[in-house]
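Keep in mind the model is a prediction, meaning the values are calculated, not measured.
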Amino acid sequence: LMKRVRLLWPFVAPDTTKFALAVAVIPVIAGIGVLQPMLVKAALDDHIVAGKPDGLVLLAFGYLAAVLGAFAVETGYTLLLATAAENTILRLRQAIFRHVLHLSQSFFEKQPTGQILTRATSDIDALSEALSAGSISILLDAANMTAILGAMFFLDAPLAGLLLLLAPPIVGVIDFMRRRMRRWFS
C-alpha cells in the first residue's frame with residue numbers, strides 16, 4: 001500500500017491543500033448533520049408537546065440556518081474533492097500518455113493496441129472513482145457514525161447502549177442473508 005501511495009504522491013502532491021481542506025470540513029458536516037434532528041427534537045419536546053410556542057420561531061430559523069449551512073459546507077467539500085481528484089487524474093493521464101508515446105516500436109508490435117488503450121483508460125477511471133468518491137468518503141461516513149453515536153448517547157445513554165448490543169446480531173443476520181443471496185443468484 002505504501003509503495004502505491006509513493007508512486008501516486010507526485011500526482012497528488014500539488015493538490016494536498018484541497019484534499020486537506022476536504023478532510024478538515026468532515027467534522028463540520030457530521031456536526032451539522034446531527035444538529036438538525038436535535039433542533040427538531042427540541043422544537044417537539046420543549047415547545048410543541050409542552051404547548052409553549054415561545055422560541056419556536058427561533059428554532060425554525062436555527063434549523064433553516066443548519067440546512068443552509070450544511071448545503072454550503074457539503075457543496076464546498078464536494079467541489080474541493082472533485083477538483084483535487086480531477087487535477088490528480090489529469091496529471092496522471094498526461095504522464096501515462098507521455099510514457100506511451102516514448103515506448104519503442106517493438107513494444108507496440110508485441111502488445112495488442114486495444115489492450116494498451118483499455119489499461120490506460122479503465123485503470124485511471126477506477127483510480128479517479130477512488131480519489132473522488134471512495135477514499136475520503138469513508139472518513140466522512142466514519143465521522144457521521146461517530147457523531148450519530150455521540151448524539152444517541154447524549155440523548156439517552158441506556159437506549160443507545162441497548163441499540164449497540166442489538167447491532168452485532170443484526171449485522172450477523174445481514175451478512176448471512178448476503179452470503180445466501182450471493183449463492184442463490186450467481
Nearest-0.5 Å distance, CD1 of residue Ile174 to CD1 of residue Ile170: 7.0 Å
Rounded distance (nearest 0.5 Å) linking atom OH of Tyr63 with atom CG of Leu68: 11.0 Å
Heavy-atom pair of closest approach, residues Ile32 and Ala70: CG2-CB, 3.4 Å
Phe153 vs Pro158 side-chain heavy atoms within contact, under 4.5 Å: no
Any residue meeting side chain to side chain donor-acceptor pair (under 3.5 Å) with Ser104, in chain and number order, not counting sequence neighbours: Ser106
Verdict with supporting geometry, Phe97 and Leu92, side chain to side chain contact (heavy atoms under 4.5 Å, CB included): CA-CA 9 Å; Phe97 186 68; Leu92 189 59; over 6 Å; no
Side chain proximity check, Phe107 to Ile116, heavy atoms < 4.5 angstrom: yes
hydrophobic_cluster_shared for Leu35 and Ile148, side chain cutoff 4.5 Å: no
Between CE on residue Met152 and CG on residue Leu159, distance to nearest 0.5 Å: 6.5 Å
Arg182 atom CZ, neighbour heavy-atom count above 12 within 6.0 Å: no
Leu164 and Leu149: CA distance, side-chain angles, deciding distance, side chain to side chain contact (heavy atoms under 4.5 Å, CB included) verdict: CA-CA 9 Å; Leu164 284 180; Leu149 283 172; 3.7 Å; yes
Reported CD-to-CG distance for the pair Glu86 and Leu81, which is rounded to 0.5 angstrom: 10.0 Å
Short N-O contact, Arg180 and Asp175, less than 4.0 angstrom: no
For the student: nearest non-hydrogen atoms of Ile26 and Ala143, plus distance: CG2-CB, 3.3 Å
Single-linkage hydrophobic cluster Trp184~Val173, side-chain heavy atoms < 4.5 angstrom: no
Closest non-hydrogen atom pair between Val12 and Arg91, with its separation: O-NH2, 4.4 Å
Show which side-chain atoms of residues 44-58 pair as donor or acceptor with protein atoms under 3.5 Å away, not counting sequence neighbours.
from  : atom 1 : to    : atom 2 : distance (Å)
Asp45 : OD2    : Lys41 : NZ     : 2.9
His47 : ND1    : Lys52 : O      : 2.9
His47 : ND1    : Asp54 : O      : 2.7

Pairs satisfying side chain to side chain donor-acceptor pair (under 3.5 Å), at least one member in residues 140-168, at least two apart: none
Val25 side chain near Leu21 side chain, heavy-atom distance below 4.5 Å: no
Over 12 non-hydrogen atoms of neighbours within 6.0 angstrom of CZ in Phe108: yes
Validation row: Phe11, Leu90 side chains within 4.5 angstrom (heavy atoms): no
Asp125 CG to Thr118 OG1 distance, which is reported to the nearest 0.5 Å: 11.0 Å
Leu8 side, atom CG; Lys3 side, atom NZ - distance, nearest 0.5 Å: 12.5 Å
Co-membership, hydrophobic cluster, residues Leu139 and Val73, 4.5 Å side-chain: yes
4.5 Å side-chain heavy-atom contact, Asp15 and Phe19: yes
Transitive ILVMFWY side-chain link Leu39 to Val34, under 4.5 Å: no
Hydrophobic cluster identity match, Ile124 and Val100, side-chain contacts under 4.5 Å: yes
Validation row: Asn87, Lys18 side chains within 4.5 angstrom (heavy atoms): yes
